[in-house]
Amino acid sequence: MKERRNARRAARPLLALALISLCFWAADRAIRMGWASFQAIEARALLDRAMRSNESMRAQAWNRARAGFTAAIQSDPDNPEYHQGLADLYMVRLVRMPGSRSQMTPYYEIALQHYFKAASMRPTWPYSHAGIITAKQQLGRIDADFKTALAMASRYGPSEMAVQEQIISAGFQSWQALGAPEHALILGNLQRARQVRPAQTATLLAQIKPLLPPCDQLPADLADAMAGACATPGTAAPARK
């Protein structure tokens, strides 16, 4: 009995040390997460403002947002929101502040990296998968990862207009490199978009008209409904170079 009491007494300091270490770890973790959230607040506000506006994002604002998301990731690298935000920011940079192809490629690469990171942490979030297909299409990489992202975006974002628009746009631009399963997903998204938001979808189709597949490659009812929007039967939708 005496030996057991002595053993318990000897173990108490070790247990206390372990508890103290756990408390320090938890406190450090909380501080890091809080600091990451603080860093991301302004970055998210700048990004949201740019995504809602038709105006170009000034370089100074873009650099501030990038610094904010980067700092947030450094403090809390396992938060998918920060990776998604940084990826979206790079895509905004490409849309609103365009440059030459050689200048744009590194931005697509960085965006793709963070979209993949966000998707791996939060696989049911359709916007990460939609970002992957858009970035890959722009990079000309219509591969297995593109097809997987297309399927995941369609599965988890069937009613999200922003997701549908990316699927439709990237899908038609990659039409010739895709097979029947992918064609079915693209057309399914197009049909749902037209049913729910016909005016917005008509605007999108007008913008990407040169990229649409021939009418004779579409289901008869859809081809009839899209009369004048798709390409002339017998011609092929141009592949992006």
Side-chain angles (χ1 to χ4, degrees), residues 24-139 141 145-146 148-150 152-153 156-157 159-170 200 204:
F24 274 117
W25 177 86
D28 179 69
R29 175 66 175 164
I31 291 171
R32 284 178 175 272
M33 292 179 67
W35 178 246
S37 178
F38 175 78
Q39 291 291 320
I41 288 175
E42 183 189 25
R44 171 55 62 183
L46 291 168
L47 175 60
D48 288 346
R49 189 181 307 156
M51 294 179 75
R52 289 194 303 265
S53 171
N54 291 323
E55 298 178 0
S56 298
M57 191 175 188
R58 295 183 181 275
Q60 182 179 5
W62 188 86
N63 287 328
R64 280 166 52 199
R66 179 179 61 173
F69 280 126
T70 301
I73 289 172
Q74 290 174 345
S75 298
D76 188 9
D78 297 325
N79 191 317
E81 287 284 352
Y82 304 150
H83 290 281
Q84 180 78 27
L86 186 58
D88 287 342
L89 183 69
Y90 272 90
M91 296 300 281
V92 167
R93 166 66 172 82
L94 288 160
V95 172
R96 302 296 170 82
M97 302 163 66
S100 66
R101 172 59 60 178
S102 61
Q103 291 174 317
M104 295 167 74
T105 295
Y107 288 86
Y108 281 120
E109 295 282 8
I110 295 172
L112 186 60
Q113 174 190 342
H114 287 282
Y115 279 135
F116 270 122
K117 191 74 173 176
S120 69
M121 296 175 180
R122 191 171 51 177
T124 61
W125 186 244
Y127 292 92
S128 299
H129 301 294
I132 290 171
I133 65 173
T134 297
K136 275 190 162 290
Q137 187 277 318
Q138 291 293 333
L139 290 167
R141 298 175 189 167
D145 286 335
F146 178 97
T148 297
L150 177 62
M152 295 290 277
Y156 293 113
S159 59
E160 298 293 328
M161 185 62 183
V163 173
Q164 291 172 343
E165 286 181 350
Q166 291 186 78
I167 290 173
I168 293 166
S169 180
Q200 290 175 270
L204 174 64

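Remember, it's a predicted structure, so these values are computed and weren't measured experimentally.
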Report summary line: In this structure, CD1 of Ile73 is separated from CG of Asn79 (nearest 0.5 Å) by 9.0 Å
Query - Sequence neighbours excluded, every pair satisfying side-chain hydrogen bond (donor to acceptor under 3.5 Å, both in side chains) that has a member inside residues 116-125 - result: Glu81-Arg122
Query raised in the report: Who pairs with Tyr115 by side-chain hydrogen bond (donor to acceptor under 3.5 Å, both in side chains), at least two apart in sequence or on another chain?
Result: Asp88
Requested in this report: Mind checking the NE2-CZ spacing from His114 to Phe69? Nearest 0.5 Å is all I need.
Outcome: 11.0 Å
Query - For Tyr107, side-chain hydrogen bond (donor to acceptor under 3.5 Å, both in side chains) partners two or more places apart - result: none
**Report entry** From CD (Glu165) to CD (Gln200), nearest 0.5 Å
**Finding:** 6.5 Å
Query raised in the report: Going from CG on Leu112 to CD on Gln138, what distance comes out if it is rounded to the nearest 0.5 angstrom?
Result: 12.0 Å
Query raised in the report: Does the pair Gln137 and Thr134 meet the rule for a side-chain contact (heavy atoms from CB on, under 4.5 Å), with working shown?
Result: CA-CA 5 Å; Gln137 187 277 318; Thr134 297; 5.7 Å; no
Report task. Work out which heavy atom in Pro80 is nearest to a heavy atom in Ala118; give both atom names and the distance. Result -> O-CB, 3.8 Å
Query raised in the report: With sequence neighbours excluded, what pairs up with His129 under the side-chain hydrogen bond (donor to acceptor under 3.5 Å, both in side chains) test?
Result: none
Query raised in the report: When rounded to the nearest 0.5 angstrom, what distance separates CZ in Phe146 from OG1 in Thr148?
Result: 11.0 Å
Query raised in the report: Tyr156 and Pro126: which non-hydrogen atoms are nearest, and at how many Å?
Result: O-CG, 3.5 Å
Query raised in the report: If only atom types and distance count, is the side chain of His83 paired as donor or acceptor with the main-chain N or O of Pro77 below 3.5 Å?
Result: yes
Query raised in the report: Which atom pair, heavy atoms only, marks the closest approach of Ile133 to Ala149?
Result: CG2-CB, 3.4 Å
Query raised in the report: What residues, two or more places apart in sequence or in another chain, satisfy side-chain hydrogen bond (donor to acceptor under 3.5 Å, both in side chains) together with Glu109?
Result: Arg141
Query raised in the report: Any donor and acceptor pair, going by atom type alone, linking the side chain of Asn63 with main-chain N or O of Ala59 inside 3.5 Å?
Result: yes
Report summary line: Taken to the nearest 0.5 Å, the spacing of Arg93 CZ from Ile110 CD1 works out to 10.5 Å
Report summary line: Asp145 meets the salt bridge (charged side-chain N to carboxylate O under 4.0 Å, His left out) criterion, sequence neighbours left out, with none
Report summary line: Between Ala153 and Ala130, the two heavy atoms sitting closest are CB-N, 4.0 Å
Requested in this report: Specify the closest pair of heavy atoms between Leu89 and Trp62, including all atoms of both residues, with the distance to one decimal.
Outcome: O-NE1, 3.0 Å
Report task. Could you tell me which non-hydrogen atom of Val92 sits nearest to which non-hydrogen atom of Ala50, and how far apart they are? Result -> CG1-CB, 4.1 Å
